[in-house]
Amino acid sequence: MTEQILRMSGITKTFPGVKALQDVNLSVRRGEIHAICGENGAGKSTLMKVLSGVYPHGGYEGEITFEGRRCEFGGIRDSERAGIVIIHQELALSPQLSIAENIFLGNERARRGLIDWNRTNYEAATLMKRVGLRENPTTAIADIGVGKQQLVEIAKALAKEVRLLILDEPTAALNDDDSAHLLDLLRGLRDEGITCVIISHKLNEVTAIADSVTIIRDGRTIETLDMAADQVTEDRIISGMVGRALDNRFPPHEPTIGDEVLRVEDWTVYSPSQPGRKVVDGAALSLRRGEIVGLAGLMGAGRTELAMSVFGRTYGVHITGKIFKDGKPIEIRNVQDAIRHGIAYATEDRKRYGLNLIEDVKRNISAAGLRGMSKRGWVDEMQEYRVAEEFHKSMNIKAPSVSSIVGQLSGGNQQKVVLSKWILTEPDVLILDEPTRGIDVGAKYEIYTIINRLADQGKAVLVISSELPELLGLCDRIYTLSEGRITGEVPRRDATQERLMHLMTKGQE
Amino acid sequence: MTTTAIGRTSVPAKYLPVLVTGCLFAAMFVAGGIRYEGFASGQVVLNVFIDNAFLLVVAVGMTFVILTGGIDLSVGSVVALSTMIAASLMAGPGWPPYVVIPLVLAIGSGLGLVMGAIVHAFDIQPFIVTLAGMFLARGLCYTIGTDSIPIEDATFTAFAQTRIDLFADLWISPSVVIAVVVVLVAAYVLHYTRLGRSVYATGGSEQSAMLMGLPVGRTKIAVYTISGFCSALGGVLLSFYMLSGYGLHAVGMELDAIAAVVIGGTLLTGGSGFLLGTVLGVLVLGLIQTIISFEGTLSSWWTKIFIGLLLFVFILLQRVFSARTRR
């Protein structure tokens with residue numbers, strides 16, 4: 001048994017209303033690559049934030065021992081001084097500064113308060129050679145690709161004399177060549193004695209590179225496996241990630257499925273921030289009346305991007321593909337078009353994009369359907385009030401009155417306001433993105449009941465969710481999305497968590 | 001602390017800032033009435049209206065812009081340009097007012113429209129676009145003339161000097177009537193039309209307004225056009241008041257208008273506020289000037305000092321207020 005470089009024991013972290021981590025244990029051996037796997041929201045990133053001091057000591061329970069010493073990090077600076085560096089999924093680089101400047105940002109090579117540029121560029125060149133980055137150290141970050149930016153992050157960590165390197169989804173935004181190069185680099189670092197913790201959804205990479213893997217589910221440690229000794233396969237990891245039983249959390253529902261109402265064909269969307277990167281790649285799906293369809297995919301698979309690009313091109317550039325409504329091809333250029341064609345989209349981030357939090361319930365409900373309750377631009381306030389009152393009752397929105405400010409309601413009731421708003425536009429297709437995120441169990445049941453009721457009224461509902469049990473319990477049919485491609489279509493009776501997880505983690509051949 | 005208690009018991013939080021401004025106005029009036037002889041008369045209040053009718057109209061336009069989360073720095077210059085165009089056209093070629101006034105209003109609205117279109121189409125911060133508009137309009141004044149141009153048109157001066165008698169020796173000017181009409185129409189638009197709803201929704205959260213299918217772009221262009229129109233109308237009212245056009249009229253008025261809107265309780269980040277608040281904000285500013293002039297010994301710069309202090313208080317109030325609702 002080799003020596004342990006890091007031990008986290010009994011870590012519990014609570015946010016208002018949610019236990020994000022519960023009694024989590026993690027031990028990492030010196031000089032290994034240790035993978036952490038789990039579903040979205042299982043608590044992986046939270047655990048790493050506890051470790052790196054983003055959540056300072058005192059904000060969580062439990063103990064961290066690093067290099068044999070108990071650690072109480074008050075912030076990222078403390079953990080970096082101890083030799084722990086975290087590289088987040090969203091890279092923390094300053095785009096207009098040069099590679100060399102970024103490498104030594106906050107850690108400048110200075111003499112008597114002035115930056116020593118010769119030393120900065122010389123040492124940067126040495127570090128860049130170590131990570132295999134062939135660029136001029138004075139090139140601006142904005143002028144190199146994401147793959148190379150990732151290497152700059154690693155060089156930056158090396159400049160800080162890192163002993164434990166944490167990478168959160170390092171290959172999520174990279175193409176295959178860059179990913180392969182990065183994995184080689186990590187192996188090289190391991191041989192130099194740097195320990196790595198890597199969080200990844202790509203299980204093929206995990207099995208290829210990791211020496212051991214810890215699986216986290218619902219904020220708890222499930223197991224730690226030694227890749228060689230336990231002969232771990234992708235299937236083994238998947239069953240650890242999902243192994244959870246379904247119970248009566250879903251109202252019973254017998255679907256009455258009718259004709260096809262919406263069909264999307266060959267839908268391709270490019271990223272607006274990273275030119276040339278396909279976020280959605282030739283996706284095709286169809287929805288029928290009265291049907292609840294699920295869209296499963298891991299973080300970064302392109303679920304929200306697919307939905308938003310269909311909903312009035314609100315995400316992405318160079319969007320191509322065809323949309324058919326009731327069998328006829330339609331053109332959707334903006335949100336107004338989408339609403340006119342009977343498509344509604346309830347966003348995953350309802351606080352930022354779904355509601356006007358400083359406005360009251362009735363005006364939030366009426367916002368998207370004002371056209372129906374106004375004449376030549378003048379709003380009929382009586383009708384608005386009546387409509388809001390109806391929803392207040394029928395959706396069981398727990399608010400003192402329809403004049404209550406939406407920002408003061410609970411998550412579940414805010415979601416009911418969002419749903420009311422879209423139901424008012426009388427859509428044929430509702431796209432619900434993470435409809436139960438941040439909502440307590442009781443309210444979830446109510447939302448499921450509402451979704452069933454909408455399907456019974458002959459609407460098609462597309463539910464995007466990170467929670468596989470939710471999709472299994474609610475949907476009649478489930479699509480899986482991986483790296484922007486539809487990788488499978490599974491009817492309810494054939495769907496299991498393992499099968500879906502397989503399809504969701506299927507990489508490009 | 002009394003205000004918080006009121007907020008908790010009966011008054012909805014969104015009316016609180018307006019209520020505070022209203023109380024402040026009342027308190028200032030009462031204090032002035034106790035301190036100075038002849039202060040506590042209806043005509044003092046009406047004089048505040050008469051002397052600030054143009055500012056009121058400009059502040060109405062500014063309220064629209066700030067409610068969407070934008071800002072319009074060009075209003076003072078557009079006011080000056082309007083007085084200049086009106087005066088020069090009446091003095092030089094001798095055009096009649098009923099041709100000149102609509103022309104001035106059209107020019108002001110046009111300038112606003114262009115600025116709004118630039119803000120929307122190129123997604124540039126309104127601060128920069130209207131700053132450019134401010135320099136442009138101020139500069140255009142001097143291409144017309146560097147000196148003050150008196151207005152001697154008979155109809156125009158007669159209208160400007162009309163006194164509308166109310167009951168019991170009280171009177172107002174036609175400008176006040178125009179300003180009140182503008183306020184009423186604007187309040188109606190803000191609260192009873194789809195445009196008004198879009199204004200509030202855009203200011204509350206532009207992203208969510210866009211995802212609700214509201215015409216965010218059109219709304220933004222509309223509010224700058226409205227602000228341009230109000231500035232031009234403010235310019236016309238100022239030329240009634242001054243009976244001249246001058247490139248140095250209304251220097252810094254954009255800041256007075258912004259101050260009035262903020263003191264009136266409208267959030268600078270947009271989405272929350274009322275026209276009534278703006279009216280009260282203008283009245284508070286006007287009453288400060290009146291008090292300073294009643295005091296006699298104080299220099300008029302004290303007006304600025306009080307406005308500065310008040311702004312601090314109101315920004316702090318907004319901060320406390322929005323921190324409380326977010327929780």
Side-chain angles (χ1 to χ4, degrees), chain A residues 16 307-308 311-315 334-341 343-347 349-360 362-382 384 400-401 403-408 418 421-422 424-425 427 433, chain B residues 7-17 66-69 120 123 185 187-219 222 265-274 318 321-327:
Chain A
M308 288 182 71
F311 183 66
R313 302 178 176 258
T314 42
Y315 173 89
N334 51 37
V335 177
Q336 282 100 315
D337 282 358
I339 293 175
R340 204 161 35 244
H341 285 296
I343 301 174
Y345 168 73
T347 159
D349 190 348
R350 63 177 167 270
K351 280 178 193 275
R352 263 171 68 200
Y353 300 140
L355 292 165
N356 183 354
L357 290 177
I358 59 177
E359 195 57 274
D360 61 21
K362 64 175 183 299
R363 289 195 172 187
N364 267 289
I365 290 180
S366 66
L370 275 182
R371 199 170 289 271
M373 52 177 73
S374 53
K375 258 195 216 118
R376 274 182 256 107
W378 303 98
V379 179
D380 183 345
E381 288 220 319
M382 263 325 284
E384 178 183 39
S401 82
S403 305
S404 308
I405 300 297
V406 166
Q408 290 164 352
V418 172
K421 174 181 77 190
W422 288 116
L424 182 61
T425 65
D433 198 348
Chain B
R8 214 172 287 146
T9 50
S10 58
V11 184
K14 60 177 182 175
Y15 300 122
L16 194 59
I66 291 182
L67 277 176
T68 62
H120 167 60
D123 201 17
V185 170
Y188 203 67
V189 168
L190 270 183
H191 294 288
Y192 296 100
T193 66
R194 272 187 6 224
L195 173 66
R197 292 309 175 75
S198 300
V199 167
Y200 278 98
T202 304
S205 167
E206 194 172 323
Q207 274 294 332
S208 75
M210 199 265 285
L211 285 176
M212 287 175 193
L214 298 175
V216 172
R218 245 189 295 150
T219 307
T266 300
L267 279 182
L268 261 183
T269 46
S272 170
F274 298 95
Q318 287 187 357
F321 162 72
S322 59
R324 204 152 45 91
T325 45
R326 217 176 294 134
R327 228 171 280 137

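Chain letters run A, B, ... following the sequence lines, proteins first, then strands; residues in each count from 1.
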With only heavy atoms counted, which part of [X] is less than 4.5 Å from chain B, the side chain, the backbone, both or neither?
{"X": "A:Met308", "result": "side chain"}
{"X": "A:Asp360", "result": "side chain"}
{"X": "A:Leu357", "result": "neither"}
{"X": "A:Ile339", "result": "side chain"}
{"X": "A:Ser366", "result": "side chain"}

**Request:** Classify the ring geometry between B:Phe274 and B:His191 as parallel (under 30°), tilted (30 to 60°) or perpendicular (over 60°).
**Result:**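 Rings of B:Phe274 and B:His191: parallel, under 30°.
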
**Request:** State, to 0.1 Å, how close A:Pro427 and A:Trp422 come at their nearest heavy-atom pair, and which atoms those are.
**Result:** CD-O, 3.1 Å

**Request:** Determine the option with the most heavy-atom pairs under 4.5 angstrom with chain B, choosing from A:Leu355, A:Asn364, A:Asp380.
**Result:**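 Option with the top pair count is A:Leu355.
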
**Item:** Distance, nearest 0.5 Å, that separates OG of A:Ser404 from CD of A:Glu359
**Value:**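 Rounded to the nearest 0.5 Å, the OG-CD separation comes to 12.0 Å.
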
**Prompt:** Please, which pairs that meet salt bridge (Lys or Arg N to Asp or Glu O under 4.0 Å) have at least one residue in residues 365-376 of chain A, sequence neighbours excluded?
**Reply:**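 Non-adjacent pairs meeting salt bridge (Lys or Arg N to Asp or Glu O under 4.0 Å): zero.
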
**Prompt:** What pairs meet the salt bridge (Lys or Arg N to Asp or Glu O under 4.0 Å) rule with one or both residues in residues 187-202 of chain B, with sequence neighbours excluded?
**Reply:**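 Sorted pair list: A:Glu381-B:Arg197, A:Glu384-B:Arg197.
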
